[in-house]
Every structure is written in structure tokens, then in C-alpha cells.
Amino acid sequence: MKKYGLSAQEKIKSRKEFETIYQLGKTIHSSNNTIKANYIVDIEEQYPGVEIAVAVSRKSGNAVWRNKLKRLLRESYRINKTDLLNLCSVNNKKVRVVFSTGTFNQREYKKLKLNDVLPGVIEIIEMIKGSI
RNA sequence: AGAUCAGUCCGGGCAAUUGCUCCUCUAAAAAAAUUGGAGGGGAGGAAAGUCCGAACUUCAUAGAACAGGGUGCCGGGUAACCCCCGGGAAAUAUAAGAGUAAUCUUAUGUUUACUGCUAGUGCCACAGAAAAUAUACUUCCCCGGUUUUUUUAAGACCGGGGUAAAGGUGAAAAGGCGGGGUAAAAGCCCACCGCUCUAAUGGUAACAUUGGAGGCAAGGUAAACCACACCUGAAGCAAGGUCAAAUAGAGAGGCUGCUUCCCGGCUUGUUUGGGAAUUAGAGUUGUUCGCUCGAUAGUCUCCGGGUAGACCGCUAGAUCCUGAUGGUAACAUCCGGACAAGAUAAAUAAUUGCCAUCCCGAUUUUUUUUGGGAUACAGAAUUCGGCUUAUAAGACUGAGCUAUUU
RNA sequence: GCGGGUGUAACUCAGUUGGUAGAGUAUCAGCUUCCCAAGUUGAAUGUCGCAGGUUCGAGCCCUGUCACCCGCU
């Protein structure tokens with residue numbers, strides 16, 4: 001597995017997994033309330049690891065803006081995922097996370113840059129690490 | 001040269017690092033999956049809105065008609081079209097000319113759902129006398145009567161007619177304008193203009209031009225119902241097809257167990273222990289065992305079903321590019337060349353550097369140098385042909401306008 | 001992706017042969033009451049989502065556009 005990659009096995013795809021995360025998982029926000037995350041932690045002996053997904057509400061912007069935000073969220077996770085993966089494989093845990101927008105919309109951030117998204121994602125990853 | 005309007009085009013580039021997705025080849029014994037390596041492809045002019053038209057698929061359907069829906073000047077293009085091209089007519093903007101003016105003519109552009117209200121029905125508020133079979137409020141004119149003034153005569157009032165010329169209302173008032181005519185008027189008559197009908201000529205046609213007749217009869221509204229002509233079955237790739245876990249079973253088969261009553265125990269359940277009945281599910285048989293059938297329970301296999309999921313549909317096509325020929329053009333034909341995204345909680349990106357274009361500031365006579373900022377609208381989802389809407393900066397063409405120079 | 005629907009007062013809704021746009025709630029003022037509530041009388045409030053067109057005249061008819069909502073794995 002690539003160190004900074006994000007392949008199809010690390011994504012959440014089925015509808016049932018999303019429903020369990022939204023019903024049973026916990027919700028946390030970043031400090032400036034821009035980014036939200038729902039996550040769930042299970043014990044998994046054979047295949048420990050992390051699965052993620054990214055969701056952006058239809059009301060926050062048009063299609064180009066939403067796609068770009070999703071790419072940036074994935075990029076932010078991809079760069080900072082190494083510590084979280086190591087922690088999971090040591091403790092035999094499986095973490096599933098759905099990143100989504102809180103009060104983040106196109107009017108306030110017309111031009112998106114990586115630096116707009118990165119701090120919130122790092123903060124959330126630290127919070128999840130703390131809860132393991 | 002500038003700004004304006006209209007149309008057409010274009011829709012930043014290169015490199016490094018880190019990633020995503022599809023295809024081909026290759027290694028891990030083979031197949032599948034996965035991983036590694038190499039190579040190649042990876043958003044638009046609107047991909048958007050989903051407003052039209054098709055291809056394709058399934059369902060329905062003997063055929064025809066009605067209803068419903070759509071289209072509506074003429075000719076052509078097209079697979080088809082509420083599309084495109086050419087032409088006609090009308091409206092309108094600007095400029096010039098004519099005219100006292102209304103207005104007309106010419107040129108250039110723009111727009112047009114541009115069949116029919118001389119088939120029928122409906123509607124036209126308020127105002128106004130009257131709003132569609134015209135009527136007669138105030139005027140105007142004639143005749144008769146009464147009355148006043150000094151008389152002819154004139155005024156006032158009443159009655160009977162004439163008229164639609166003037167007034168006022170309205171979006172719109174029953175051809176317009178000028179002359180004749182008359183008691184006053186009136187297409188009552190005449191010229192010009194308009195309208196209707198009709199003939200000839202030109203044109204494939206829409207229509208145009210010219211002549212003749214009528215003598216005004218015919219207000220507006222069909223994006224009112226409707227009439228006429230032509231077109232039209234319905235739904236949509238979440239269409240539809242193939243494979244198919246889990247689960248439920250309503251089906252088929254195999255294997256195992258299976259009578260009823262009473263008493264006791266405790267785990268209060270059709271569980272276990274003991275006893276009794278011998279008519280003990282039915283058949284076979286003298287009887288028992290056994291066997292067959294049936295009921296019921298468990299378990300296994302199949303069956304059908306088609307969910308999760310996977311695959312096909314899925315990208316080579318009314319395809320794109322260059323050139324030639326025909327055509328005013330839309331477009332057609334031919335020669336040659338190219339293969340150019342195919343994802344599915346949904347890829348096509350992120351960061352950095354350099355360059356490009358534009359803007360602002362500093363420096364400088366200019367060139368230059370340097371700092372900062374900006375680079376739009378927007379993301380394929382079965383595929384095409386159009387339409388509509390959004391769009392930074394730039395390029396080109398045309399039109400008239402303004403300024404300068406000659 | 002495909003299909004369908006709705007925009008009228010601060011809120012919930014009426015508004016059909018096209019002719020000066022209404023109801024209820026809420027708001028404000030008066031009356032009533034010692035005061036409040038309730039009751040009662042009155043007032044104010046609208047670019048009829050936006051832009052064009054047809055018509056003498058458009059909330060209504062037609063076209064375009066914007067926003068919102070619903071259904072179909």
C-alpha cells in the first residue's frame with residue numbers, strides 16, 4: 001500500500017455502512033465549525049485500518065465548487081493519514097469516518113485553497129486519535 | 001485613433017513532486033482477484049437549463065376514425081424538428097429627400113406565434129346619446145302652433161320631421177381628405193388615397209404590377225372558444241437484458257423421529273422417570289416384525305423467485321479533420337486521413353516554480369528593472385441534431401458616430 | 001440522470017368568461033376594564049418571484065428565466 005495513496009479499498013461505498021455510521025457513530029466539529037465528521041470505532045482482529053468517505057451538501061455550492069471541496073478534503077486526509085493508520089494497526093481497531101461540511105459554503109469561500117481546508121481536517125484527525 | 005452596436009473565433013502554456021481512474025503488455029506455477037513494473041488515454045463551448053426533435057429499448061397495437069396534444073406567409077435543407085438557409089409581406093429605428101403640416105419616398109439595420117373574426121359563438125369595464133341588428137344628448141336645418149317686441153321679421157316655448165357635418169366620452173364612434181351639392185346634410189356626385197371583388201402579366205410559390213367593376217356593405221379581439229390544413233401510440237438507460245449471495249417459501253425429493261391416558265419430579269417445558277390401556281393414523285397380513293401411503297417435526301438437496309451485488313447496454317458514430325466539386329446559402333457528394341473520457345457515495349486533481357496576457361504602484365527621458373494583484377462561466381453520467389441562458393481577458397469582420405492629420 | 005409541481009400582505013391561503021387584489025392570524029390605535037386577557041370598532045401593510053410579448057387593459061393568456069419542493073435506485 002502506498003504511503004500517501006488513497007485507493008478504492010479505503011473508501012466507504014455501500015449504503016448500509018453510511019446508515020450505521022450516521023445512526024450509531026459520533027459527531028464532532030472543527031473549532032471554527034467549518035468541517036464536520038461522523039465516525040465509528042470497531043474492534044477488528046484480521047483487517048485493522050481506516051475507511052473514509054467525503055460528503056458535501058447540495059445546498060452549499062454548485063457542482064464545480066462541491067467537487068473541488070471533496071478533492072481538497074481527500075487530499076488533506078491523504079497527506080496526514082499515516083499516524084492514524086499506525087495507531088489502528090497497533091490497537092486492532094477499525095475506524096470509519098465520513099467528512100462533511102458544517103457552515104462551509106460557496107459565498108464565503110469562492111476561491112478554494114488547500115490551506116482553507118487543511119487545519120480543520122488535521123484537528124479532526126487528532127480528535128479521533130485521542131478517542132482510540 | 002477612440003468609444004458604441006451587431007456577428008464570428010478563442011477559452012492560457014511548460015516542468016517537478018505526490019495522487020485518482022480506464023485500457024494494453026508483463027512478473028508473482030495456471031485461472032480469477034490483488035500487488036509490482038512499463039506504455040498509452042482522461043471534461044465543455046456551453047458538459048448547464050431539460051425547452052424541442054431523433055436514434056435505441058420495453059410495453060401496447062388488424063385497420064380506420066374520433067378525442068387529446070402540437071405546428072401555422074412561401075420555397076428549400078435535414079434522419080427529424082417549435083431548428084437552419086433563401087425569398088415575400090408587415091411593423092419599427094436611424095439618416096437623407098419631398099411637403100406648411102399630417103405624412104410619403106429612398107437607403108441601411110432590427111423584429112415578427114405572419115392561416116381565418118366575408119363559418120358560427122363569446123367578450124369590449126369605467127366614461128359616453130350610442131360599443132355593433134346603430135342610436136339621437138347638446139348643436140344644425142325645415143314645417144306647424146302659442147307668445148313677446150312698433151311691422152316685415154326675429155327671439156322664446158311646444159309638437160312633427162330631416163341629418164350624422166360639429167361638440168363632448170373613450171383604447172376604439174361605422175372609410176379619409178378636398179371640391180361640388182343642399183334648407184341643413186349625407187359616396188348623394190366627382191378627383192386622389194384606402195377597402196372589397198375581378199381580369200391580365202411576371203414569379204415554382206408567398207406575392208408584386210397594371211387594368212376594370214363595386215359604391216362603403218366589412219370596428220377590435222383567435223398568445224377567446226372555435227374552424228381549416230398538416231403532424232402525432234405510451235414510457236424512458238433508474239429503459240431493458242444476463243448472472244445471482246442472504247432471507248422468506250407457496251413447490252419437489254432424500255434421511256431421521258413419531259399412538260393415547262394417568263401419576264410424580266422441577267428447569268413449568270409437549271422435558272424426563274414410572275405405570276396403565278392394546279380399539280393404538282390408514283393399508284398389506286392369520287399375528288408380529290417389516291414395507292408402503294399419509295400427517296407432523298428436524299435436517300440436507302433441488303426448484304422457482306429475483307433483493308444486495310456483479311456484468312452487458314457503454315461508447316466507431318446521422319463521428320471528427322483536410323481538400324475538391326455542386327449550390328446564392330443552409331447543405332449534399334466524393335478522395336484522403338484519424339480513433340478521440342467512460343466513472344458509478346461517482347476519476348480527470350493538489351502543491352511549488354518559470355513563462356504568457358491584463359491591471360495598479362515605484363524607478364527611468366524612453367527602453368528596461370522591480371513589487372503586488374487578476375485570469376471568467378462552469379464539471380461528462382445512453383448517444384446525437386438544435387434552441388435558450390451564463391461567460392474574464394483577448395483576436396477578427398462589418399456599420400454608422402466622434403476627434404486629429406493630409 | 002429522468003419525471004412532476006409551487007411562487008399573491010410579516011405568516012397560512014382564496015382569487016375563471018382578462019376590467020380599480022381579498023380572508024384568517026399577527027401588528028398598531030380607539031372602546032370596554034381598577035389593570036390584564038377575551039370581546040368589539042377601525043387602520044396600515046402588496047413591483048402578484050423576475051424579464052419580455054399579445055391586448056385599449058394581464059395576478060389571470062403566451063414565451064423565456066430564477067428560486068424552492070416532491071417522486072423514481
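Letters A, B, ... are given to chains in the order of the sequence lines, protein chains preceding strands, and every chain is numbered from 1.
- Across the protein-nucleic acid pair, Phe18(A) atom CZ and U73(C) atom C1' stand 16 Å apart, rounded to whole Å.
- Here the closest heavy-atom approach between residue Tyr39(A) and residue Ile21(A) is recorded as N-CG2, 4.3 Å.
- Spacing of C1' atoms, A346(B) relative to C377(B), comes out at 24 Å, to the nearest Å.
- By the rule that a glycosidic angle within 90° of 0 means syn, U133(B) does not qualify and counts as anti.
- The glycosidic torsion of A30(B) lies more than 90° away from 0, which places this base in the anti conformation.
- Between Asn115(A) and Arg74(A), the residue anchored nearer the 5' end of RNA chain B, judged by the nucleotide with its closest heavy atom, is Arg74(A).
- Following rounding to the nearest Å, Asn62(A) (CG) and A47(B) (P) show an atom-to-atom distance of 17 Å.
- Asn67(A) has its CG atom 14 Å from the C1' atom of U21(B), to the nearest Å.
- Residue Trp65(A) contributes atom CH2, which lies 15 Å from atom C1' of A378(B) at whole-angstrom precision.
- Side chain of Thr27(A) to main chain of Asn38(A): no donor-acceptor pair is present (N/O by atom type, distance under 3.5 Å, no hydrogens or angles).
- Of the nucleotides present, none pairs with U47(C) by Watson-Crick or G-U wobble criteria with both distances under 3.5 Å.
- Atom name C1', nucleotides A6(B) and A338(B): the rounded distance is 37 Å, in whole Å.
- Glycosidic conformation of G187(B): syn, with the torsion inside 90° of 0.
- Between the C1' atoms of U73(C) and A308(B), the separation comes to 12 Å (whole Å).
- For the C1' atoms, the distance linking G41(B) with A343(B) amounts to 14 Å, nearest Å.
- The nearest whole Å value for the distance from the CD1 atom in Ile79(A) to the P atom in U352(B) is 11 Å.
- Note on Lys68(A): a side-chain N or O is less than 4.0 Å away from OP1 or OP2 of A350(B).
- Of the nucleotides present, C137(B) is the one that pairs with G167(B) by Watson-Crick or G-U wobble criteria, both distances under 3.5 Å.
- The distance between atom NZ of Lys81(A) and atom C1' of U18(B), rounded to the nearest whole Å, is 12 Å.
- Summarising the base pairing, G11(B) is matched to no nucleotide, lacking a Watson-Crick or G-U wobble pair whose two defining distances lie under 3.5 Å.
- Going from atom OG1 of Thr82(A) over to atom CG of Leu87(A) covers 12.0 Å, rounded to the nearest 0.5 Å.
- Using Watson-Crick or G-U wobble geometry with both donor-acceptor distances under 3.5 Å, A186(B) finds no partner in any strand shown.
- On the C1' atoms, U382(B) is 7 Å away from C314(B), given to the nearest whole Å.
- For the P atoms, the distance from A131(B) to U196(B) is 28 Å, rounded to whole Å.
- As rounded to the nearest Å, C51(B) and G170(B) have C1' atoms that lie 42 Å from one another.
- Both Arg71(A) and Ile12(A) lie near RNA chain B, and the one whose nearest nucleotide falls closer to the 5' end is Ile12(A).
- Remark: A98(B) base-pairs with U103(B). Criterion, Watson-Crick or G-U wobble with two distances under 3.5 Å.
- A distance-only check finds a donor-acceptor pair linking the side chain of Asn80(A) to the backbone of Ser76(A) [under 3.5 Å].
- Look at CZ on Arg66(A): it is 13 Å from P on A346(B), rounded to the nearest Å.
- Of all the heavy atoms in Ile35(A) and Gly120(A), the pair that sits closest is CD1-CA, 4.2 Å.
- When the options Lys81(A), Lys94(A), Arg96(A), Lys93(A) are evaluated for a salt bridge (Lys or Arg N to Asp or Glu O under 4.0 Å) with Glu51(A), the one that passes is Lys94(A).
- G178(B) and U63(C) have their P atoms separated by 48 Å, given to the nearest Å.
- Atom NZ of Lys70(A) and atom C1' of U344(B) are 12 Å apart (whole Å).
- Using Watson-Crick or G-U wobble geometry with both donor-acceptor distances under 3.5 Å, U50(B) finds no partner in any strand shown.
- If you check G251(B) for Watson-Crick or wobble pairing at under 3.5 angstrom, you find it paired to C302(B).
- At most 12 heavy atoms of other shown residues, nucleotides or ligands fall within 6.0 angstrom of atom NZ in Lys26(A).
- Counting any heavy atom pair closer than 4.0 Å across all strands shown, Ala63(A) reaches sugar-phosphate atoms only and no base atom.
- Of the nucleotides present, A234(B) is the one that pairs with U58(B) by Watson-Crick or G-U wobble criteria, both distances under 3.5 Å.
- Syn is the conformation of G45(B), whose glycosidic angle sits no further than 90° from 0.
- Nucleotide A38(C) carries an anti base; the chi torsion (O4'-C1'-N9-C4 or O4'-C1'-N1-C2) is more than 90° from 0.
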